> 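Please find one structure pasted underneath; my questions will follow.
All residue numbers refer to positions in the sequence shown, counting from 1. Numbering of ligands and ligand atoms starts at 1, following listing order. Keep in mind the model is a prediction, meaning the values are calculated, not measured.
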Amino acid sequence: MEEVKNKQTVLKSYVNGFPKESGMLLNASATISLKLPEGSNAVLVKNLYLSCDPYLRIQMTKAEDSYFPPFALGSPIVGLGVAKVIDSGHSNFKKGVSGLTGWEEYSIISSTDFLRKIEDTDVPLSYYTGILGIAGITAYVGFFEICAPKKGEYVFVSAAAGAVGQLVGQFAKLSGCYVVGSAGTKEKVDLLKNKYGFDEAFNYKEEQDLNATLKRYFPNGIDIYFENVGGKMLEAVLSNMRLNGRISVCGMISQYNLEQEEGVRNMFLLVTKSLRVQGFLVGDYYHMYPKYMEMIMPLIKQGKISYTEDIVEGLESAPAAFIGMFYGKNVGKQLVVVARE
Ligand SMILES: NC(=O)c1ccc[n+]([C@@H]2O[C@H](COP(=O)([O-])OP(=O)(O)OC[C@H]3O[C@@H](n4cnc5c(N)ncnc54)[C@H](OP(=O)(O)O)[C@@H]3O)[C@@H](O)[C@H]2O)c1
């Protein structure tokens with residue numbers, strides 16, 4: 001069978017500290033056959049959209065005890081994406097799919113455990129990397145399941161203009177809560193207030209004293225904190241939580257590239273304020289995806305929810321797009337277009 005070129009973005013070296021573009025490489029010489037061998041039960045796909053997710057950083061480090069296994073050097077990065085099926089040995093996957101694939105033009109997906117058939121194509125296909133993908137279900141589980149919000153409660157979201165955060169804020173508004181978000185640029189603060197309907201928003205990079213900032217926005221304290229960043233923000237939030245508050249620990253992006261993670265000094269407040277702090281991994285909640293789809297699809301179709309994507313073109317743009325997330329360069333869900341169909 002004739003082989004075609006299969007451009008790939010591969011990991012060249014393991015990362016210490018902040019990831020660098022020089023640690024990834026575009027391999028333009030790989031080839032692939034566009035026909036599966038007879039009897040194969042794999043799925044051969046053409047990748048359309050790739051999702052840049054902060055968790056990939058963990059797999060770029062060679063740590064023995066990591067929850068996610070390190071990537072193999074010289075192989076395409078493995079991440080989530082949306083793809084079109086070219087050849088399939090699996091009856092369930094014949095057209096469009098989303099799930100774990102490779103940062104390359106074509107992938108052979110041998111394990112279909114993390115593959116989902118795309119049923120609804122009335123919405124942009126790229127949405128399956130974000131609002132209809134991991135970011136969406138993460139926001140849903142982290143907010144509704146972990147925080148059990150009630151109408152009128154005070155909600156704070158960090159990294160609020162990102163893939164997950166923009167949804168959490170809108171879910172909070174739909175639940176009748178008062179919601180404030182933080183983000184790192186004026187453009188993002190404007191989006192939070194004027195596009196997603198946050199009651200207030202601030203640029204945390206312009207604030208000298210986060211504790212005082214939160215007191216200004218929440219004179220009565222915070223009931224629910226959706227934690228995306230960790231570090232100093234978490235410490236300031238703990239000081240501003242109300243009695244019986246809930247904290248959904250989704251991520252701590254400010255810590256992922258530090259050699260020594262920062263400490264949080266006021267943990268005794270968990271006791272004195274009877275706070276509930278719960279971390280979660282979205283992978284443990286995939287069974288809730290159909291329930292989430294039932295909620296989110298009508299909201300999208302009725303225009304009751306907005307979703308901002310930050311789209312770059314081509315595998316060669318993928319390393320910079322991924323790294324940019326750790327500097328707040330992305331405005332909304334960061335994704336890479338490999339091909340449009
Ligand atoms: N628990 C789970 O299963 C799960 C699943 C998906 C995602 N997550 C976590 O959810 C969080 C958001 O992920 P996402 O995909 O939606 O990414 P995102 O928010 O779209 O992008 C990351 C954002 O984090 C902010 N950021 C980067 N470095 C920072 C720092 N040092 N301090 C404060 N903010 C910083 C930046 O925005 P600013 O402009 O605001 O700085 C950046 O745009 C991450 O912590 C991620 O690890 C967890």
> Backbone, side chain, both or neither: what part of V229 comes under 4.0 angstrom of ligand 1, heavy atoms only?
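Near ligand 1, V229 shows its side chain, while the N, CA, C and O stay back.
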
> For the pair Y225 and F156, name the ring-plane relationship: parallel under 30°, tilted 30 to 60°, perpendicular over 60°.
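Parallel, since the angle between the ring planes stays under 30°.
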
> Does ligand 1 have any atom sitting under 4.0 Å from a heavy atom of A135?
no

> Go through ligand 1 atom by atom and flag the ones less than 4.0 Å from a non-hydrogen atom of N330.
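Under 4.0 Å from N330, ligand 1 has these atoms: 18 (P), 20 (O), 21 (O), 42 (C), 43 (O).
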
> Shortest non-hydrogen contact from M325 to P54?
CE-N, 3.6 Å

> List every atom of ligand 1 that sits less than 4.0 Å from any heavy atom of M325, numbering the atoms from 1 in the order shown and giving each element.
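Numbered from 1, ligand 1 contributes 22 (C), 23 (C), 27 (C), 36 (C), 42 (C), 43 (O).
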
> Which part of T138 is near ligand 1, with near meaning a heavy atom under 4.0 Å away: side chain, backbone, both or neither?
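Side chain only.
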
> With a 4.5 Å heavy-atom cut-off, do C177 and F171 have their side chains touching?
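Not in contact.
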
> Looking only at N/O atoms, are C52 and ligand 1 under 3.5 Å apart anywhere?
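No - when backbone and side-chain N and O of C52 are compared with those of ligand 1, no distance drops under 3.5 Å.
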
> For the residue pair Y285 and F280, categorise the inter-ring angle as parallel (less than 30°), tilted (30 to 60°) or perpendicular (more than 60°).
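Rings of Y285 and F280: perpendicular, over 60°.
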
> Do any N/O atoms on T185 end up under 3.5 angstrom from N/O atoms on ligand 1?
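Between T185 and ligand 1 (N or O atoms, distance only) the closest approach is not under 3.5 Å.
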
> Where does Y204 meet ligand 1, judged by heavy-atom distances below 4.0 Å: at the side chain, the backbone, both, or neither?
side chain

> Heavy atom to atom 22 (C) of ligand 1, shortest distance: which of I146, D310, I253, D284 holds it?
I253

> Yes or no: does F326 have any heavy atom under 4.0 Å from an atom of ligand 1?
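The answer is yes: ligand 1 sits under 4.0 Å from a heavy atom of F326.
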
> Could you tell me if the ring centre of Y140 sits under 6.0 Å from that of Y292?
yes

> Could you tell me, atom by atom, which parts of ligand 1 come under 4.0 Å of a heavy atom of V164?
16 (O)

> Taking non-hydrogen atoms only, is M252 closer than 4.0 angstrom to ligand 1 via side chain, backbone, both or neither?
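Just the backbone.
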
> Hey, can you pull the donor-acceptor pairs under 3.5 Å for the side chains in residues 312-320, sequence neighbours left out?
| residue | atom | partner | partner atom | Å |
| --- | --- | --- | --- | --- |
| E313 | OE2 | R340 | NH2 | 2.3 |
| S317 | OG | E313 | O | 2.6 |

> Quick check on contacts: which atoms of ligand 1 are under 4.0 angstrom from a heavy atom of L281?
3 (O)

> Quick check: closest heavy atoms across F322 and D53, and the distance to 0.1 Å?
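That closest heavy-atom pairing would be CE1-O, 3.4 Å.
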
> Numbering the atoms of ligand 1 from 1, which are under 4.0 Å from a heavy atom of G251?
9 (C), 45 (O)

> Using a strict cut-off of 4.0 Å, indicate which atoms of ligand 1 neighbour a heavy atom of G328.
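Per the distance check, 36 (C), 37 (O), 42 (C), 43 (O).
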
> Is it possible for you to check whether R57 lies under 6.0 Å from the centre of the six-membered ring of F326, through NZ or CZ, and within 45° of that ring's axis?
no

> Quick one: which ligand 1 atoms are inside 4.0 Å of a heavy atom on K188?
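Answer, ordered by atom number: 37 (O), 38 (P), 39 (O), 43 (O).
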
> Decide ring pair (Phe, Tyr, Trp, His ring centres under 6.0 Å) for Y49 and Y128; before the verdict, give the C-alpha distance in whole Å, the side-chain angles of both, and the deciding distance to 0.1 Å.
CA-CA 9 Å; Y49 299 101; Y128 287 89; over 10 Å; no

> Would one find an N or O of I134, backbone or side chain, under 3.5 Å from an N or O of ligand 1?
no

> Considering heavy atoms of the protein only, find what lies nearest to atom 45 (O) of ligand 1 and give residue, atom and distance to 0.1 Å.
N228 O, 2.9 Å

> Quick check, are the ring centers of F143 and F226 under 6.0 angstrom apart?
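No, they do not, as the ring centres are separated by 6.0 Å or more.
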
> So, applying side chain to side chain donor-acceptor pair (under 3.5 Å) with N27, which one of Q8, K12, K7 is it?
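Going through Q8, K12, K7 one by one, the side chain to side chain donor-acceptor pair (under 3.5 Å) with N27 is satisfied by Q8 alone.
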
> Could you tell me which non-hydrogen atom of S51 sits nearest to which non-hydrogen atom of K333, and how far apart they are?
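So the minimum-distance heavy-atom pair works out to OG-NZ, 2.7 Å.
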
> Which atoms of ligand 1 have any heavy atom of S254 under 4.0 Å away?
30 (C), 31 (N), 32 (N)

> May I ask you to identify, for P54, whether its side chain, its backbone, both or neither come under 4.0 Å of ligand 1 on a heavy-atom basis?
side chain

> Give the contacting part of Y256 toward ligand 1: side chain, backbone, both or neither, where contact means a heavy-atom distance below 4.0 Å.
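The side chain, only.
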
> Step by step, would you call K173 with V155 a side-chain contact (heavy atoms from CB on, under 4.5 Å)?
CA-CA 9 Å; K173 283 317 297 171; V155 176; over 6 Å; no

> What about A163: any of its N or O atoms under 3.5 Å from an N or O on ligand 1?
yes

> For the 3.5 Å polar cut-off, considering only N or O atoms, please tell me whether G184 and ligand 1 meet it.
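N/O-N/O distance under 3.5 Å: yes.
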
